[in-house]
2 protein chains.
Amino acid sequence: MSETANVETANAGAANATRPHTGRRRNEAAHRAILDAALRLLAESDGTPVTVDAIARAAGVGKQTVYRWWPSKGAVLLDALTDRADRDVQGPDTGDLRTDLHAFITTTFDAAQRDTTASALRTVVREAARDPHLADLMRDFTATRRAALRDLLTKGRERGELAGDADLDLIADQVYGVFWYRFLLGHGALDTDTAERLADSLTRGNAAR
Amino acid sequence: MSETANVETANAGAANATRPHTGRRRNEAAHRAILDAALRLLAESDGTPVTVDAIARAAGVGKQTVYRWWPSKGAVLLDALTDRADRDVQGPDTGDLRTDLHAFITTTFDAAQRDTTASALRTVVREAARDPHLADLMRDFTATRRAALRDLLTKGRERGELAGDADLDLIADQVYGVFWYRFLLGHGALDTDTAERLADSLTRGNAAR
DNA sequence: TGGTTGTCGAGACTGCTAGTCTTGTCAAGG
DNA sequence: CCTTGACAAGACTAGCAGTCTCGACAACCA
């Protein structure tokens with residue numbers, strides 16, 4: 001039963017044209033209520049794991065309805081999170097790598113620290129540590145953003161702002177490594193200042209000689 | 001009942017001198033058997049969480065005995081791990097920052113990837129994501145190694161190999177950020193080559209101008 | 001020697017959660 | 001009106017952390 005994967009087909013009868021649909025239609029309102037409730041609980045979570053029962057109750061919905069739309073708790077949580085996250089991960093492109101990098105890093109830092117997002121993101125990561133399926137979804141999610149950063153770096157290298165043999169993957173990993181490390185441990189700031197120093201250090205450290 | 005915290009006092013009667021000891025003594029063999037069993041299960045774990053029941057059974061020990069020595073499952077796992085980990089985290093000191101940094105990073109990478117350690121470490125991190133107490137223990141554990149790295153950087157800065165206003169914490173976070181990021185996601189290598197590039201990039205990126 | 005104390009292995013038990021199954025209801029069609 | 005399938009509610013299963021109980025036994029003391 002993988003019909004839960006493409007939620008979009010449920011909004012209209014379009015995809016059902018092949019077979020004369022029978023039975024009651026899925027309730028889109030329930031779908032939204034679950035997503036909203038999940039996001040709210042994620043945001044309010046004080047570290048306590050968010051339970052499916054709690055989500056269903058908060059959404060005024062039966063637990064089975066949750067599992068009718070998503071295959072696992074993790075899928076619900078990630079969907080709730082990405083539902084709100086802007087999909088536009090277009091990196092800036094001013095023609096100056098240091099500037100673009102600074103802008104990109106700042107955007108990343110800020111996005112993760114928006115009030116509701118931060119707690120939710122932490123909770124999802126915690127869940128992903130136990131749920132391989134959710135971990136996969138997380139990897140997909142982050143890969144998109146990672147690709148945008150790679151683009152930025154590639155363009156910079158083509159302009160000669162980075163050494164021809166610069167290890168772009170390692171640079172990207174330093175950015176995301178610092179981000180996740182500080183985000184999860186919370187021992188260091190993720191502010192514009194840090195972003196600037198990081199962009200500066202990476203640009204200078206990998207410049208053409 | 002926090003007597004389980006200082007396990008060391010149980011190895012001899014020394015600490016018991018203050019009070020005329022009564023009752024049967026704790027069995028050090030059981031202690032070791034638990035640690036060994038935990039480490040074995042951690043190493044063999046294919047991602048499945050290691051249960052206390054399994055540890056106790058593998059050690060031929062009652063579950064209560066486990067909880068007599070350690071306050072939580074996480075504590076057992078971390079103890080099993082650090083028991084084997086070398087405590088000597090003395091950074092090298094050749095007088096050249098780039099060289100020292102490379103050596104330090106390589107050592108870190110290698111230590112984490114020793115056969116039994118890698119799987120065990122990953123499992124402990126997974127558990128730490130849910131268990132705040134274990135997360136604390138992990139922080140303590142990593143702080144020691146982090147301090148050694150800070151030392152290295154401070155010495156380098158004093159020698160003028162880094163800019164006076166270089167952000168040493170950020171540099172340390174770049175090292176450990178990349179390490180954990182790649183270690184946990186497994187998408188990139190943690191080899192000597194990477195260590196060299198990283199050391200080089202960090203040294204050049206934060207050199208005095 | 002016999003009493004006291006505290007550990008031992010074994011395993012029952014509680015409490016919590018993910019995920020499934022059941023039941024009775026209701027809406028959308030044929 | 002009858003079939004189909006979503007719906008809310010909630011019982012149920014299975015797995016695990018951590019606690020509690022039990023009878024056995026070891027170390028020490030009087």
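Convention: sequence-line order gives letters A, B, ...; per-chain numbering from 1. Keep in mind the model is a prediction, meaning the values are calculated, not measured.
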Rounded to the nearest angstrom, tell me the gap between atom [atom1] in [X] and atom [atom2] in [N].
| X | N | atom1 | atom2 | answer |
| --- | --- | --- | --- | --- |
| B:Tyr67 | C:dG9 | OH | C1' | 16 Å |
| A:Asp53 | D:dA11 | CG | P | 11 Å |
| B:Lys73 | D:dC16 | NZ | P | 9 Å |
| A:Leu77 | C:dA18 | CG | C1' | 12 Å |
| B:Leu134 | D:dA17 | CG | P | 13 Å |
| B:Glu28 | C:dT7 | CD | P | 14 Å |
| A:Arg130 | D:dC16 | CZ | P | 10 Å |
| A:Leu41 | C:dT17 | CG | P | 13 Å |

Handout entry: Side chains of A:His187 and B:Asp173, donor plus acceptor under 3.5 Å
Key = yes

Practice task
Indicate whether the side chain of A:Asp191 and that of A:Thr194 have a donor and an acceptor atom separated by less than 3.5 Å.
Solution key: yes

Exercise for the section: In sequence, state the C-alpha distance, the side-chain angles, and the governing distance for A:Asp193 and A:Arg197, and then conclude on salt bridge (charged side-chain N to carboxylate O under 4.0 Å, His left out). Expected result: CA-CA 6 Å; A:Asp193 223 55; A:Arg197 271 196 288 270; 3.2 Å; yes

Exercise for the section: Determine the contact category for B:Val50: base if any of its heavy atoms lies under 4.0 Å from a base atom, sugar-phosphate if only primed atoms, P, OP1 or OP2 are that close, otherwise nothing. Expected result: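 Sugar-phosphate, no base atom in range.
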
Picking from [options], which would you name as closest to the side chain of [X]?
| X | options | result |
| --- | --- | --- |
| A:Trp69 | C:dG19, D:dC7, C:dG9 | D:dC7 |
| B:Ala30 | C:dG19, C:dG9, D:dT19 | C:dG9 |
| B:Gln64 | D:dG18, C:dT20, D:dT21 | D:dT21 |
| A:Arg26 | D:dC7, D:dG18, C:dC8 | D:dC7 |
| A:Arg68 | D:dC7, D:dA17, C:dG9 | D:dC7 |

Handout entry: Under-4.0 Å salt bridge between A:Asp110 and A:Arg114
Key =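 Answer for the salt bridge query: no.
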
Handout entry: Distance-minimising heavy-atom pair for B:Ala58 and B:Arg40
Key = O-NH2, 4.1 Å

Exercise for the section: Select from A:Thr65 and B:Lys63 the residue whose nearest nucleotide in DNA chain D is closer to the 5' end of that strand. Expected result: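 Final value for this comparison: A:Thr65.
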
